[in-house]
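Let me begin by presenting the structure, written as structure tokens, before commenting on it.
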Amino acid sequence: MPKIVVLPHAEICPEGAVIENAPVGESICRVLLNNHIEIEHACELSCACTTCHVIVREGFDSLEEATDNEEDYLDRAWGLTPTSRLSCQAKVAGADLTIEIPKYTINHAKEGH
């Protein structure tokens, strides 16, 4: 089973993390949450926001392509890169992954908008 390396994030995962044996077919978001990395997920993993946006620094090509719906939401994400994904939609495949959680997220409910 592949591993997921989470790069340090000042608030969510200050020391970074290595998750060994990430279950193939599970969303990156669910794997993070199951390993006590409290990434935002305002829409409860339903692909209806951008709060779980991650940047896949290594292993991006192992992931299935994003759907049109995911791409539409990604267009609204802060700090979008060519290897950005919504972690609720990107499922672990056979390769190890290195991910970065962006410094900021757009969460209108949390921000009071």
Nearest heavy-atom approach of G79 to I55 is O-CD1, 4.0 Å
Which heavy atom in L97 sits nearest to a heavy atom in G59, and how many Å separate them? CD2-O, 3.4 Å
Are E26 and K91 within salt-bridge range, i.e. N to O under 4.0 Å? no
Atom CD of E38: over 12 foreign heavy atoms under 6.0 Å: yes
Would you say N21 has more than 12 foreign heavy atoms packed within less than 6.0 Å of its CG? yes
Transitively linked via ILVMFWY side-chain contacts under 4.5 Å: V5 with V56? no
Side chain of [X], backbone of [Y]: donor and acceptor closer than 3.5 Å?
X	Y	value
H9	I12	yes
T50	Y73	no
S87	I28	no

Could you walk me through whether V92 and I4 pass side chain to side chain contact (heavy atoms under 4.5 Å, CB included), step by step? CA-CA 9 Å; V92 176; I4 299 177; 3.9 Å; yes
Find the distance between CD1 (I37) and CD1 (I39) and round it off to the nearest 0.5 Å. 9.0 Å
So CD of E70 and CD of Q89: to nearest 0.5 Å the spacing works out to 5.5 Å
Any side-chain heavy atom of L80 sitting closer than 4.5 Å to one from D75? yes
Under a 3.5 Å cutoff, is there a donor and acceptor pairing between the side chains of H53 and S84? yes
Side chain to side chain contact (heavy atoms under 4.5 Å, CB included) filter on E20, not counting sequence neighbours, yields K3, V18
